[in-house]
Amino acid sequence: MTSRVDGPLKVSGRAKYGADHGFPGMVHGYVVVSTIGHGEVVAMDTTVAKSAPGVVGVYSPFDPLKLRTATSMLFGQTWVPLQDTEIVYYGQPIGLVVAETFEQARDAAALVKVTYQLRPSVTSLRGNLDLAEDAPPTREGTPSVVVELAPGVESIQDALAASQVVVEGTYSTAAQNHAAMEPHSAVAVWESGELTVYCGTQSAGMQAAELASGLDVDESAVRVLSPFVGGAFGSKTRVSVEAFLAAAAARVLNRPVKVALTREQVFTVTANRPETLQKVALGAAADGTLIALRHDSWSSTPRDRSYVEPTSHTMTPKAYAIPNLAISQMMVPLNIPPTSIMRAPGEGPGSFALESAIDELAVALRMDPIELRLHNNSTAPVGSDLLWSSKHLEECYRIGARRFGWANRSPEGREDGEWVVGMGTATAMYPAMRFPATVLISLRADETAVVSIGGADPGTGLRTVMSLAGAESLDIPADRIIPQLGDSALPPGGLSGGSTGTASVASAIMIAAAQVIDDLLALASSPGAPFAGKEVSYADGCVHGDGQVVSFGALLREIGRESITARGSSAPGEELTKHSFSCFGAQFVEVRVHKWTCETRVSRMLGVFDAGRIINEKTARSQIMGGMIWGVSAALHERLDIEPDGRPANGDLAGYLVPVNADIPDVDVHFVQYADTLHNPSGAKGLGEIGVVGMAAAVANAVYNATGIRVRHIPITIEDLLD
C-alpha cells in the first residue's frame with residue numbers, strides 16, 4: 001500500500017491552495033449578500049462604503065461588473081451575480097466590496113445600505129407539495145415517470161394488490177451542506193489580456209471554459225490553476241460566485257483580486273444537497289420474491305430549478321430483480337439557496353428510502369434481511385437486457401456477514417446493561433462511469449517520467465494513482481513518476497466527480513504509455529541512434545536489443561534529447577452498448593441506544609465492496625471510510641434548516657452538526673477485487689461515492705433492530721426514540 005505522494009506537502013503546510021496565493025498589489029473582495037429570502041433590491045446606498053478606508057471599488061446590480069450568463073458543457077447555464085435586482089433566496093450575492101485588505105473590505109461591506117421590496121418566502125417542502133412539478137429528464141434522458149410492467153399486468157396498483165405481503169412508507173431526508181474543509185476562494189490575475197485564476201475546483205478545464213463564457217472572452221485567454229483542493233464533494237464542480245467576481249473585478253481594477261467566502265457564506269452562496277420526500281411501496285410473495293415496487297419522490301429545488309435530487313431514478317430501478325416497477329420524480333421550487341450534486345447524488349438519499357423499505361419487508365416476511373436482498377439480486381437494471389459487466393454482491397454479503405458476526409444477530413436486538421444493541425445492513429450501489437481523458441507522458445533524460453492531466457485531486461488520491469498507474473505502464477519505480485494535474489493548460493482530464501477519476505485517468509495513462517514506448521523504440525532504432533537498424537524491445541524502463549540494455553534516460557542523453565513525449569486518450573465507447581456497469585457493496589452497522597436517554601451511538605461499522613481493481617488500497621480504504629462516515633453523519637447528525645423567512649437557522653459550523661471523533665468507531669473496510677476490464681482497460685471502477693450509499697439506511701435499520709422503533713426520516717434524533 002502506497003502513501004499519498006502529496007502527503008508530505010500537505011502535512012507540512014507547503015501545499016498551496018487557492019487562497020494561499022498572493023501577488024504584489026493584490027486587493028481583497030468581500031461579497032455582500034441579501035438579508036431577505038424573496039423580493040427585489042430597490043436601492044443600494046454605497047456612498048459610505050466607497051469612502052471607507054482602503055476601499056477601491058464597490059459593485060452592485062446598479063453598478064455591475066461586466067459579466068453574462070455563463071454556459072457549462074456539462075451542466076448548462078450558470079447564474080452569475082450582480083446582473084439583476086431579483087432576490088430568490090436569503091444570502092444571495094448582491095454586491096462586492098474591494099479593498100486593500102480583507103478586513104477593510106469586510107467592514108466596508110457592512111456599511112452598504114440595501115432597500116428591499118419584500119415578498120413572501122416559500123421554504124417548506126412538505127408544506128408546498130401542491131407546487132410540485134414534474135422533474136426534467138435525467139442527464140441520460142430518462143423521463144420523470146417510468147413504468148415497467150410484466151405482461152398482462154395493467155398497473156402498478158394491480159401488481160401491489162396481487163402481492164401476498166405489502167409494505168408502504170414515507171421517508172424523508174434533510175438538506176445538507178458540503179462543508180468542505182477549504183472554503184471557496186479565487187485569486188484572479190490579468191496580464192496582457194489573459195486571465196489566470198487560482199482556486200479550488202474539481203475540473204480546471206471546465207472551470208476555465210465556464211469562466212471564459214461568463215467573462216465573454218476566448219477560452220484560450222483563461223487559465224485555471226488548482227493543484228490542491230481542500231475537499232469538494234460536488235460543491236466545486238462549477239464556477240462559484242467568488243471566481244466570477246474576482247475575475248471581473250480584477251479586469252476593471254487592473255490589479256490582482258482575491259475573493260474568499262466566509263464559512264457562513266459558503267452555506268448560501270455555493271450550493272447544498274436538496275431535501276427529499278419519498279414514498280415507497282413494496283409487494284412480495286410469501287417466499288420473499290419481489291413482485292412490485294413503487295417509488296415516488298419529491299425534491300426541493302431553488303427557484304431557477306437548476307438541480308433536482310434524482311432519488312427515484314438512481315438505485316431503485318437497478319438494485320433488485322422486479323417484474324413491476326413504477327418510479328416518479330417531482331420537484332418543488334422554493335426560496336432556498338442553490339442546490340447541486342453532492343457525494344452520491346440521488347443514490348445517497350434514495351438508498352435511505354429503498355433500503356429502509358426492504359428492511360421493513362424483511363420484518364413483515366420474518367425473513368433475514370440479507371437473504372431477502374440476495375433472493376432478489378438483479379442481473380441487470382429493470383427493463384434492460386444489458387447484463388452487469390461484473391457483480392459480486394453476494395460475495396460482499398457473505399464475507400461481510402461472517403466478519404461482522406451477523407449470525408449472532410437477534411431479530412429483537414439484545415441488551416447490554418443500560419444499552420440496547422442492534423445490527424443493520426443495506427446494499428450499496430453506484431454507477432461505474434468514466435469521462436473522456438487525455439494524458440501527456442514525457443520520458444525525460446534524468447530517468448524520470450512526467451504524467452500530466454488537467455484533472456483535479458480534491459483529496460481523493462488521484463496523484464498517487466497517477467504515480468502507480470504510470471509506474472506500472474512504464475515499468476519503472478513509482479518514485480520516478482512526477483504527476484502533474486490541476487492546470488487547465490494541461491490535457492483535458494474530465495471532472496473529478498461521479499467516482500470517475502481513477503478509471504478515466506488510469507485508462508488514458510495506459511494508452512499514453514504504450515504510445516511513448518513505441519515512439520521511444522522507433523527513436524532508439526532510427527539512423528544515428530544507439531540501436532540503429534536493430535530490433536528492440538522495452539522492459540524495466542530500458543531499451544533492449546542486440547545484447548545491449550540502455551535506460552530510456554541514457555538513450556535520450558546519448559542522442560541529445562531532453563525528453564520524448566506522447567499523448568493518449570481514453571473515453572467510454574462500444575462497451576456501453578454491451579453491458580451495464582456499477583459498483584456494489586454491503587454495509588453493516590451496529591448501534592447502541594441508551595435505554596433512558598435514547599442517545600444513539602454507532603459502535604461498529606463494516607463495508608465490503610466490489611469496485612473492480614483497487615489500484616492503491618490505502619487511499620481506496622480512506623475514500624470508503626470517508627463515505628461511510630458521511631453516511632453516519634446523514635443518519636444521526638446533519639440537517640440544514642431553513643426558516644420560514646428563508647434564513648438558514650444553522651448556516652455555520654457552530655450550529656450545523658457533523659460527526660467528531662467520538663461519534664465514529666473503528667471502521668472496517670474490505671474489498672473483493674475483480675478487475676473489470678469490460679469497463680475500462682485498467683479494470684478499476686470507482687470509490688468516491690459508494691461508501692456513503694446505504695449507510696444511513698443501515699443505521700436506521702440497526703436502530704429498529706435495537707429499539708423496535710422505525711424512524712423513516714434522517715437525521716434520527718433522541719426525540720424520535722422517546723416513548
Any chance you could lay out the side chain to side chain contact (heavy atoms under 4.5 Å, CB included) test for Thr201 and Val229, step after step, and finish with the verdict? CA-CA 7 Å; Thr201 176; Val229 185; 5.7 Å; no

Do the side chain of His184 and the main chain of Cys199 share a donor and acceptor less than 3.5 angstrom apart? no

ring-ring contact (aromatic ring centres under 6.0 Å, His included), that's the test. Do Phe581 and Tyr430 meet it? Break it down for me. CA-CA 9 Å; Phe581 300 98; Tyr430 195 79; over 10 Å; no

If I compare all heavy atoms of Arg567 with all of Ala512, which pair ends up nearest, and what's the gap? C-CB, 3.9 Å

Parallel, tilted or perpendicular: ring planes of Tyr674 versus His392, cut at 30 and 60 degrees: parallel

Please check: side-chain N/O of Thr270 versus main-chain N/O of Val266, any donor-acceptor pairing under 3.5 Å? yes

How far apart are the closest heavy atoms of Ser203 and Leu495, and which atoms are they? CB-CD1, 3.8 Å

Apply side-chain hydrogen bond (donor to acceptor under 3.5 Å, both in side chains) to residues Gln484 and Ser452 and explain how you reach the verdict. CA-CA 5 Å; Gln484 292 182 343; Ser452 306; 3.1 Å; yes

Would Ser499 and Lys685 satisfy side-chain hydrogen bond (donor to acceptor under 3.5 Å, both in side chains), going step by step from the backbone distance to the final call? CA-CA 8 Å; Ser499 300; Lys685 289 187 182 180; over 6 Å; no

Can you tell me how far CZ of Arg343 sits from NE2 of His178, rounded to the nearest 0.5 angstrom? 11.0 Å

With side chains defined as the heavy atoms from C-beta onward, is the minimum distance between Leu82 and Leu67 less than 4.5 Å? no

Nearest 0.5 Å, please: how far is CG in Asp6 from OG1 in Thr464? 5.5 Å

Determine the minimum heavy-atom distance between Thr502 and Ala684, stating which atoms define it. CG2-CB, 3.8 Å

With side chain to side chain contact (heavy atoms under 4.5 Å, CB included) as the criterion, how do Leu474 and Val516 come out once you've worked through the C-alpha distance, each side chain's angles and the decisive distance to 0.1 Å? CA-CA 9 Å; Leu474 294 171; Val516 80; 3.8 Å; yes

I'd like to know if the side chain of Asp457 and the backbone of Arg463 have a donor-acceptor N/O pair within less than 3.5 Å. yes

Residues, nucleotides or ligands: over 12 heavy atoms within 6.0 Å of Gln83 CD: yes

Correct closest heavy-atom pair for Trp388 and Ala380 would be NE1-N, 3.4 Å

Main-chain N/O of Leu253 paired to Trp190 side chain as donor or acceptor, under 3.5 Å: no

In this structure, CG of Leu393 is separated from CZ of Phe609 (nearest 0.5 Å) by 11.0 Å

Any non-hydrogen side-chain atom of His544 less than 4.5 Å from a side-chain atom of Tyr538? no

What is the minimum heavy-atom distance between Gly470 and Ile481, and which atoms define it? C-CD1, 3.7 Å

Spacing of CD belonging to Glu395 relative to NE2 belonging to His670, to within rounding of 0.5 Å: 7.0 Å

Out of Leu687, Asp610, Val608, which one pairs with Phe671 under the side-chain contact (heavy atoms from CB on, under 4.5 Å) rule? Leu687

Quick one, Ser226 with Gln207, criterion side-chain hydrogen bond (donor to acceptor under 3.5 Å, both in side chains). Give me CA distance, side-chain angles, the key distance, then yes/no. CA-CA 10 Å; Ser226 181; Gln207 185 123 8; over 6 Å; no

For Lys534, does the NZ atom have more than 12 heavy-atom neighbours from other residues, nucleotides or ligands under 6.0 Å away? yes

Which is it for Lys618 and Ser3 under the side-chain hydrogen bond (donor to acceptor under 3.5 Å, both in side chains) test, yes or no, and what are the steps along the way? CA-CA 7 Å; Lys618 190 170 187 176; Ser3 297; 2.8 Å; yes

Closest contact, heavy atoms only, Val187 versus His21: CG2-O, 3.7 Å

Assess whether side chain to side chain contact (heavy atoms under 4.5 Å, CB included) is satisfied between Met342 and Tyr307, documenting all intermediate values. CA-CA 11 Å; Met342 182 175 177; Tyr307 177 74; over 6 Å; no

Report the distance from atom OG1 of Thr2 to atom CZ of Arg4, rounding to the nearest 0.5 Å. 12.0 Å

Go through the steps to decide whether Val450 and Arg444 satisfy the test side chain to side chain contact (heavy atoms under 4.5 Å, CB included), and finish with yes or no. CA-CA 8 Å; Val450 180; Arg444 304 199 306 191; 3.6 Å; yes

Using the rule given for ring-ring contact (aromatic ring centres under 6.0 Å, His included), can you reason through Tyr30 versus Phe102, listing the C-alpha separation, both sets of side-chain angles and the distance that settles it, and then say yes or no? CA-CA 7 Å; Tyr30 190 91; Phe102 172 82; 5.7 Å; yes

